[in-house]
Trainee: 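Shown below is the structure under consideration.
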Amino acid sequence: MSTKTVELHTNHGLITVEVDLAKAPISAENFLAYVRSGHYDGTVFHRVIKRFMIQGGGFAVGMKQKPTTGEIQNEANNGLKNEHYTLAMARTSAPHSASSQFFINTTNNDFLNFKSETAGGWGYAVFGKVIAGKEVVDAIEKVRTGNSGGHGDVPVEDVIIERAVELA
């Protein structure tokens, strides 16, 4: 099986995503491991930027950072592009620093794509796409944001991933 399906049950509705185990095996398996462990249950989309992306997977309600299992290799050179409704691994400025956080592109973000195996060229690894619930992603993108706990672009009202479920 080259893809797996995951349901993200949010307080805004259901988002169904498909992860690509063939083109992004490290990122997809990493995401699935966090799903299976229950890590994403009760986390929030903590960063929402209109016409860019919605990011989650790292903070519980109240902007409490959750522990992770470590960083993974960046797979942005896998040929998948940061297109509208794709899932990608979030990371720091260090190319191979992704762990539990991911984002859903809310537009085509070509500038995030792989260019070269250099610090500035690695890009952000796409590992899946939204296959249902695009209207939920669109609704989340439109929420009001502000500052919280030293972070910007945080939804004023929590956007919660109540649970993440891997489908058979």
Side-chain angles (χ1 to χ4, degrees), residues 2-32 34-35 39-40 43-59 68 71-117 119-145 151-155 158-161 164-167:
S2 62
T3 62
K4 288 272 190 176
T5 305
V6 172
E7 290 180 340
L8 300 175
H9 296 257
T10 79
N11 61 340
H12 285 250
L14 181 64
I15 301 169
T16 306
V17 300
E18 181 181 82
V19 297
D20 191 328
L21 292 159
K23 290 190 176 167
I26 297 168
S27 302
E29 284 294 352
N30 177 70
F31 179 77
L32 291 170
Y34 280 110
V35 168
H39 176 88
Y40 294 130
T43 60
V44 293
F45 280 102
H46 67 276
R47 190 168 173 234
V48 173
I49 303 175
K50 288 173 181 55
R51 294 173 299 284
F52 181 37
M53 58 90 218
I54 64 174
Q55 181 175 335
F59 292 85
T68 64
E71 299 174 342
I72 62 169
Q73 175 72 27
N74 190 327
E75 294 179 292
N77 57 350
N78 62 16
L80 298 174
K81 305 293 184 202
N82 281 279
E83 296 171 343
H84 201 172
Y85 300 116
T86 57
L87 268 77
M89 294 304 302
R91 61 173 178 81
T92 67
S93 58
H96 306 290
S97 61
S99 60
S100 67
Q101 293 187 37
F102 64 93
F103 61 92
I104 300 173
N105 287 290
T106 59
T107 190
N108 291 334
N109 288 314
D110 295 339
F111 71 99
L112 298 179
N113 292 335
F114 174 83
K115 293 169 194 61
S116 64
E117 290 186 8
W122 260 106
Y124 292 76
V126 172
F127 66 95
K129 62 186 175 186
V130 175
I131 58 171
K134 291 177 180 175
E135 70 285 353
V136 177
V137 173
D138 294 345
I140 293 169
E141 181 193 19
K142 292 179 176 86
V143 301
R144 206 162 49 93
T145 60
H151 298 273
D153 304 305
V154 178
D158 288 331
V159 178
I160 305 168
I161 298 173
V165 180
E166 180 182 356
L167 303 181

Trainee: Give me the atom names and distance for the closest heavy-atom approach of Val48 to Pro155.
Mentor: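 For Val48 versus Pro155, the nearest heavy atoms are CG2-CG, 3.6 Å.
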Trainee: Is the ring pair His151/Phe59 parallel, tilted or perpendicular, if the boundaries are 30 and 60 degrees?
Mentor: perpendicular
Trainee: Please assess Thr86 against Leu80 for the test side-chain contact (heavy atoms from CB on, under 4.5 Å), listing each intermediate value before the final yes or no.
Mentor: CA-CA 9 Å; Thr86 57; Leu80 298 174; over 6 Å; no
Trainee: Just verifying a value: how many Å separate Thr43 OG1 and Ile161 CD1, rounded to the nearest 0.5 Å?
Mentor: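 One gets 4.0 Å once the value is rounded to the nearest 0.5 Å.
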Trainee: Assess whether side-chain contact (heavy atoms from CB on, under 4.5 Å) is satisfied between Asn74 and Tyr124, documenting all intermediate values.
Mentor: CA-CA 7 Å; Asn74 190 327; Tyr124 292 76; over 6 Å; no
Trainee: Write down the atom of Lys50, the atom of Lys142, and the distance for their closest heavy-atom approach.
Mentor: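 Looks like NZ-O, 3.6 Å.
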Trainee: Between the side chain of Thr92 and the main-chain N/O of Ser97, is any donor-acceptor distance below 3.5 Å?
Mentor: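 Answer holds: no.
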Trainee: Output the distance between atom CZ (Phe52) and atom CD1 (Ile104), rounded to the nearest 0.5 Å.
Mentor: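 Spacing of CZ (Phe52) from CD1 (Ile104) equals 13.0 Å.
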Trainee: State whether the side chain of Asp158 and the backbone N or O of Val44 hold a donor-acceptor pair below 3.5 Å, judged by distance alone.
Mentor: no
Trainee: Which residue in the set Leu112, Leu87, Ile49 passes side chain to side chain contact (heavy atoms under 4.5 Å, CB included) when paired with Phe103?
Mentor: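 With Phe103 as partner, Leu112, Leu87, Ile49 yield a single side chain to side chain contact (heavy atoms under 4.5 Å, CB included), made by Leu112.
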Trainee: Can you tell me how far apart CG (Asn77) and OG (Ser116) are? Round to the nearest 0.5 Å.
Mentor: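 Asn77 CG to Ser116 OG: 10.5 Å, rounded to 0.5 Å.
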Trainee: Working to the nearest 0.5 Å, report the span between CD1 of Ile26 and CZ of Phe127.
Mentor: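 Answer for the CD1-CZ pair, Ile26 versus Phe127, is 13.0 Å.
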Trainee: My understanding is that only one of Gln55, Arg91, Met89 makes a side chain to side chain contact (heavy atoms under 4.5 Å, CB included) with Gln101; could you say which?
Mentor: Gln55
Trainee: Using ring centroids (six-membered ring only for Trp), state whether Phe45 and His12 fall under 6.0 Å.
Mentor: no
Trainee: To the nearest 0.5 Å, what is the distance between NZ (Lys129) and CD (Glu18)?
Mentor: 5.0 Å
Trainee: Ala24 and Val126: which non-hydrogen atoms are nearest, and at how many Å?
Mentor: CB-O, 3.7 Å
Trainee: Can you give me the closest heavy-atom contact between Gly133 and Ile15, atom names plus distance?
Mentor: O-CG1, 4.1 Å
Trainee: Under the side-chain hydrogen bond (donor to acceptor under 3.5 Å, both in side chains) test against Asn109, which residue among Thr106, Asn105, Asn113 passes?
Mentor: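 Looking at Thr106, Asn105, Asn113, the match for Asn109 under the side-chain hydrogen bond (donor to acceptor under 3.5 Å, both in side chains) is Asn105.
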Trainee: Would you sort out whether Thr68 and Tyr34 count as a side-chain contact (heavy atoms from CB on, under 4.5 Å), showing the intermediate values?
Mentor: CA-CA 9 Å; Thr68 64; Tyr34 280 110; 3.3 Å; yes
Trainee: Start with the C-alpha gap between Thr145 and Asp153, add the side-chain angles, then the distance that decides, and say whether side chain to side chain donor-acceptor pair (under 3.5 Å) holds.
Mentor: CA-CA 5 Å; Thr145 60; Asp153 304 305; 4.6 Å; no
Trainee: Mark yes or no for whether Thr107, through its side chain, and Arg51, through its backbone, hold a donor-acceptor pair below 3.5 Å.
Mentor: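 Flag not set: sc Thr107 to bb Arg51 has no pair under 3.5 Å.
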Trainee: How would you list, by chain and number, every residue that makes a salt bridge (charged side-chain N to carboxylate O under 4.0 Å, His left out) with Lys81, sequence neighbours excluded?
Mentor: none
Trainee: Do Glu75 side-chain atoms and Ser27 backbone N/O form a donor-acceptor pair below 3.5 Å?
Mentor: yes
Trainee: Roughly how far, to the nearest 0.5 Å, is CD of Glu141 from CE of Met53?
Mentor: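 It is 10.0 Å, given to the nearest 0.5 Å.
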Trainee: Which atoms form the tightest heavy-atom contact between Asn11 and Ile160, and what is the distance?
Mentor: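 Closest pair (atom of Asn11, atom of Ile160, distance): OD1-N, 2.8 Å.
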Trainee: Which is it for Leu32 and Leu21 under the side-chain contact (heavy atoms from CB on, under 4.5 Å) test, yes or no, and what are the steps along the way?
Mentor: CA-CA 10 Å; Leu32 291 170; Leu21 292 159; 4.0 Å; yes
Trainee: Which pair of heavy atoms, one from Ala76 and one from Ala125, lies closest together, and at what distance?
Mentor: N-CB, 3.5 Å
Trainee: For residues 99-112, which residue pairs qualify under salt bridge (Lys or Arg N to Asp or Glu O under 4.0 Å), counting only residues two or more places apart or in two chains?
Mentor: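 Checked against salt bridge (Lys or Arg N to Asp or Glu O under 4.0 Å) - neighbours excluded - no pair reaches residues 99-112.
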